[in-house]
Amino acid sequence: MDRRLSDDENGARDVSQSPTTEPKQDIDTVKPEADEGIVTGPAVPAQASTEQLNALTHRLLGPSLTKSGQEGVSQDNVSQVILDASKGSKFYEREAALAAGLATRVAALQTRKAKLEAQDLRVHLRNADAFLASLESSRDLSRIIVHLDCDAFYAAVAALKDPTLKGIPFAVGGSVLSTCSYEARKFGVRSAMPAFVARKLCPELKLVDQDFPSYIAKAGEIRAILQTYDPNFQPAGLDESYLDLTAYCQDNDISASDAVSKLRTEVREKCGITISAGIAATAPLAKIAGNVNKPDGQFEIPSTREAVMAYMADLSVRKVAGIGRVLQCELDAVGIRVCADIYPQRALLVPLFGDKTAKFLLTSYLGIGRTRIAPSDGRDRKSVGTEGTFADLAGAQALRTKLRQTAEALEEDMKQAGVKGRTVVLKVKLHTFEVLTRQVGTHIPVWTKDDIYRISLPMLERLEKEIPGLKIRLLGLRCTHLVEAKLSVDKNFFGAAKAPNTEERFCVCQDDQILAPAVPPPERASAHRAEGSRSGVPVDEDGWEIWPEAEFEAAAEQERKEEFEELLKLSQELEERHDQDNGAKAPLESSRSTSPADDVESWACPICNRPQPADERALNEHIDLCLSRETIREVVRSVPENKAPAKLEKPTLPSKQVPRKRARPRGGGSISKSNHEQSNAKRRAFFS
DNA sequence: ATACATACC
DNA sequence: GACTGGTATGTAT
C-alpha cells in the first residue's frame with residue numbers, strides 16, 4: 001500500500017467535537033463520513049455490477065474529494081460528467097479492472113474476517129492492547145506543532161503574476177490539472193483532474209501553464225518568514241511546512257493561535273499568499289487540523305488526551321493521511337468508517353491488514369504521531385527517477401530511442417542529486433494503462449546514461465518478449481539503493497570540469513555481467529575484465545584506480561558498509577524509542593523465529609542466507625556482523641519503549657523475548673498505570 | 001529480491 | 001480524443 005506507519009504522518013482531520021474543549025463543527029461544511037463516504041455499500045459480498053459501478057465511480061471521482069472547496073458542489077452531477085467523459089476509454093477500462101480487483105480483495109477480506117471471528121483471537125487482542133498501551137505511554141502532548149499549507153499555491157502564484165486571473169475560474173497544468181482556483185472548484189473542478197473533463201464541468205475554465213521558477217521563488221519568500229518562527233522548520237513540498245512553535249510561544253509569551261495568526265498575516269502581507277494552518281500536539285494532527293478551516297483559516301486541536309481522542313473518534317478514516325480511497329474501501333468492508341471504529345476491530349487488524357497497517361491504524365485511533373520537526377537532511381533520498389508520457393509508441397527502434405532518451409534524462413538527475421544507484425527499475429505503461437516494472441541489481445553503483453541504458457535494455461527486451469507487439473504510453477527509469485557519488489572522475493579534484501564520456505569510464509556494465517544474478521557465484525569475481533583502456537583506467541568513487549581483481553572486493557566492501565549502516569540504523573532506532581518520540585515503532589508482535597540454519601555447506605551466510613565471498617575470514621566476519629545485527633533486531637523487537645539497553649555489545653545469540661507491557665486501555669479511555677517510569681512532563685500530560 | 005499497487009503533493 | 005510526475009512504501013510472492 002503506501003507509507004502509513006513510516007515516519008511520517010498519520011492522523012485525521014475534519015469534523016467532530018471534543019468534549020473537553022471547543023472543536024465543534026468545522027467550516028468544512030460536510031459531515032465526517034458524508035463527504036467521502038464509500039460509495040460502495042458496506043458489507044455485502046461482491047454484489048454484482050451496481051456495487052462495482054459505484055466503486056468505479058468512487059475511483060473516477062479522483063483522490064481529491066477530501067480537498068476543500070467542494071462544499072455545495074453537487075457531487076452527483078460531477079460524478080455523472082466524469083463518468084460520461086471517461087466511459088469507454090482505455091483509461092476507464094483500466095480503472096474498471098482495478099476496481100474489480102479491489103472488489104475481489106474486499107470480498108476476500110470479509111470472508112477472512114468471518115473465519116477469524118470464529119477463532120480464538122485472544123493472542124491478537126492481547127498484542128493489540130499491548131501495543132496501544134505502549135503507544136499511550138509514549139504520548140507527548142507538550143509540543144506546539146503547526147502545519148502550514150498555502151491555499152491553491154500554484155494558482156495563487158499565477159494570480160499574483162497575472163491579476164486578471166483573480167476571481168475567475170482557472171487551473172494550472174497541462175493535460176492534467178495541478179491545482180485550480182477556488183472559483184473553479186465551485187464547478188467541481190479539482191486538482192489531478194484531466195483538463196478535458198474539467199472543461200466539461202466548467203467551459204469557461206482558463207488554463208495556465210506551470211511555472212516552477214515562480215513557485216520556487218515564492219516558496220523561498222515564505223520560508224524566510226517561517227524561519228523566524230522556527231529556525232528548524234520542516235518544508236514538506238513547496239507549499240507545505242511543519243513548524244514547532246513551542247519555543248517561539250514561550251519566548252514571546254504568546255498563545256499558539258495568536259502566533260499562527262500573526263504568522264499568517266505576515267505571510268499574506270509580505271508575500272501575497274494566504275495560508276491555512278493546523279495547530280496540534282503532533283504533526284499528523286496538525287495536518288488534519290489545517291484542513292478544517294481552509295482556505296485562509298486555522299484550527300487548533302487542544303492538546304489534552306480527551307480532546308484528541310474525541311476529535312479522532314468521529315473522524316472519517318479517509319481524513320487520515322495515508323488512508324486513501326482503496327484502504328478506506330477495505331476498512332469500510334470490515335465495519336471501520338470513523339476512527340473510533342478501529343478499536344473494536346483491533347484484534348482483527350493484524351490478520352486482515354498486516355502488521356504495519358495495523359499499527360498505523362491503532363496509532364491513528366489514539367491520535368498519536370510524530371512530534372519532532374526537523375528539515376530533512378537531504379541524504380535520505382531513496383530513489384531518483386524520471387518518466388514521461390507520450391503518444392502510443394511501438395517498435396523495437398522507437399522503444400530503444402525512448403529508452404536512451406530516458407536514460408540520458410536520468411543521468412542528469414543522478415548528477416544533480418550526486419548519487420549513484422545499485423538498482424535500476426524500468427517502468428512501462430502499456431497503451432492500455434496497465435503498468436509494468438522490471439528491475440535489476442548491479443554490483444557497482446551506476447549513474448551514467450550508458451550504464452543505465454545497457455542495464456535497462458535487457459529488461460525492455462524481456463518485456464518485448466513477454467508482450468508481443470508491446471505498445472506503450474509511458475516509459476520511466478529509476479535508480480534505487482542509492483550510494484553517494486562523492487568525488488568521482490567527473491567532478492575531479494582539480495576542478496577541471498571534464499566529464500569523461502562513458503566509454504572511458506570504468507564500467508562493469510558492458511555485458512551481462514553487470515547484472516547481479518540472484519545468487520552470484522563467488523568465483524565469478526575475477527572472471528570478467530574491466531575493459532578500460534590504458535587511458536580509461538577504472539576509477540572508484542574516491543578517484544582511486546580499481547584493478548579488475550579488486551572489483552569483487554569493492555562490491556563486498558560496499559555490502560559490508562551497508563550492513564554496518566543497517567546496524568547503525570537499528571541502534572538509532574533503539575535510541576529513538578528510548579526518546580519515546582514515536583511509540584509507533586514498538587513491536588506489536590514478537591513472533592518471527594530466527595534460528596540460524598545449520599546448513600553451511602555452500603558459501604551462504606547461515607544467518608541471512610545471502611551468498612558470501614569464498615573466503616573463510618571474510619565469511620566469519622560477515623557472520624559476526626550478521627549475528628550482532630540479529631541481536632539488535634531482537635532487542636528492538638523485545639523492548640517496546642524506554643527500556644533500551646544502555647549499550648549493545650558482543651554479538652550473542654539471538655534470544656527471544658516477549659513484550660512486557662501488560663497495561664491495557666479500558667474502552668478507549670485511560671489506561672492503568674504502566675510499570676515504566678515516565679518523564680514528569682509526559683505523565684502530567686497523559687493524566688491531565 | 002522482485003513486481004505491483006497505493007498514497008501524497 | 002484527451003487521464004501527470006516524482007518519491008516512498010506496504011504486501012505478496
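Just so we're on the same page: letters track the sequence lines, and every chain starts at 1.
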Just how far, in rounded Å, is [atom2] of [N] from [atom1] of [X]?
{"X": "Lys427(A)", "N": "dT4(C)", "atom1": "NZ", "atom2": "C1'", "answer": "10 Å"}
{"X": "Ile216(A)", "N": "dG6(C)", "atom1": "CD1", "atom2": "C1'", "answer": "14 Å"}
{"X": "Leu327(A)", "N": "dA8(C)", "atom1": "CG", "atom2": "P", "answer": "21 Å"}
{"X": "Lys429(A)", "N": "dC3(C)", "atom1": "NZ", "atom2": "C1'", "answer": "8 Å"}
{"X": "Phe433(A)", "N": "dA5(B)", "atom1": "CZ", "atom2": "C1'", "answer": "17 Å"}
{"X": "Arg105(A)", "N": "dT13(C)", "atom1": "CZ", "atom2": "C1'", "answer": "15 Å"}
{"X": "Leu201(A)", "N": "dC3(C)", "atom1": "CG", "atom2": "P", "answer": "17 Å"}
{"X": "Phe212(A)", "N": "dG5(C)", "atom1": "CZ", "atom2": "P", "answer": "12 Å"}

Taking only N and O in the side chain of [X], is any of them less than 4.0 Å away from OP1 or OP2 of [N]?
{"X": "Lys382(A)", "N": "dT9(C)", "value": "yes"}
{"X": "Arg318(A)", "N": "dA7(B)", "value": "no"}
{"X": "Arg478(A)", "N": "dT2(B)", "value": "no"}
{"X": "Thr357(A)", "N": "dT11(C)", "value": "yes"}
{"X": "Arg473(A)", "N": "dT4(C)", "value": "yes"}
{"X": "Ser383(A)", "N": "dT7(C)", "value": "no"}
{"X": "Ser191(A)", "N": "dC9(B)", "value": "no"}
{"X": "Arg438(A)", "N": "dT2(B)", "value": "no"}

According to salt bridge (charged side-chain N to carboxylate O under 4.0 Å, His left out), who are the partners of Arg112(A), at least two apart in sequence or on a separate chain?
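Arg112(A): no salt bridge (charged side-chain N to carboxylate O under 4.0 Å, His left out) contacts found.
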With a cut-off of 3.5 Å and sequence neighbours excluded, list every side-chain donor-acceptor pair involving residues 198-205 of chain A.
unit_1: Arg199(A); atom_1: NH1; unit_2: Leu205(A); atom_2: O; d: 2.8

Need to verify one output field. Residue with the more 5' nearest nucleotide on DNA chain C, Leu352(A) or Asp413(A)?
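The residue mapped nearer the 5' terminus is Asp413(A).
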Remember a base hit wins even if backbone is also touched, and classify [X] as base, sugar-phosphate or nothing at under 4.0 Å, heavy atoms.
{"X": "Val425(A)", "value": "nothing"}
{"X": "Gly476(A)", "value": "nothing"}
{"X": "Leu436(A)", "value": "sugar-phosphate"}
{"X": "Leu238(A)", "value": "nothing"}
{"X": "Gly237(A)", "value": "nothing"}
{"X": "Glu95(A)", "value": "nothing"}

From the list dG6(C), dC3(C), dG10(C), which nucleotide is the closest neighbour of the side chain of Phe91(A)?
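Among dG6(C), dC3(C), dG10(C), the one nearest the side chain of Phe91(A) is dC3(C).
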Quick check for you: among dC9(B), dA3(B), dA5(B), whose closest atom lies nearest to any side-chain atom of Arg462(A)?
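For the Arg462(A) side chain, the nearest candidate turns out to be dA3(B).
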Would you measure the distance from the C1' atom in dA7(B) across to the matching atom in dT4(C) and give it in whole Å?
15 Å
Neighbour count >12 (heavy atoms, 6.0 Å) for atom CG, Asp209(A)
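Open: at most 12 neighbouring heavy atoms sit under 6.0 Å from CG of Asp209(A).
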Name the orientation class of the two ring planes belonging to Phe153(A) and Tyr215(A) (parallel below 30°, tilted from 30 to 60°, perpendicular beyond 60°).
tilted
Check: Asp84(A)/Gln80(A) side-chain N/O donor and acceptor closer than 3.5 Å
yes
So, Asp151(A) versus Ser276(A): side-chain donor-acceptor pair below 3.5 Å or not?
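Yes, side-chain donor-acceptor contact under 3.5 Å.
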Kindly indicate, with the supporting measurements, whether the criterion side chain to side chain contact (heavy atoms under 4.5 Å, CB included) is fulfilled by Tyr242(A) and Lys287(A).
CA-CA 9 Å; Tyr242(A) 289 94; Lys287(A) 182 159 171 78; 3.3 Å; yes
More 5' along DNA chain B: Ala236(A) or Leu98(A), using each one's nearest nucleotide?
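Looking at the nearest nucleotide for each, Leu98(A) comes out on the 5' side.
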If you assign Met459(A) and Leu102(A) each to the DNA chain B nucleotide with the nearest heavy atom, which residue ends up on the more 5' nucleotide?
Met459(A)
Quick check: any donor-acceptor pair below 3.5 Å linking the side-chain of Ser86(A) to the base of dC3(C)?
yes
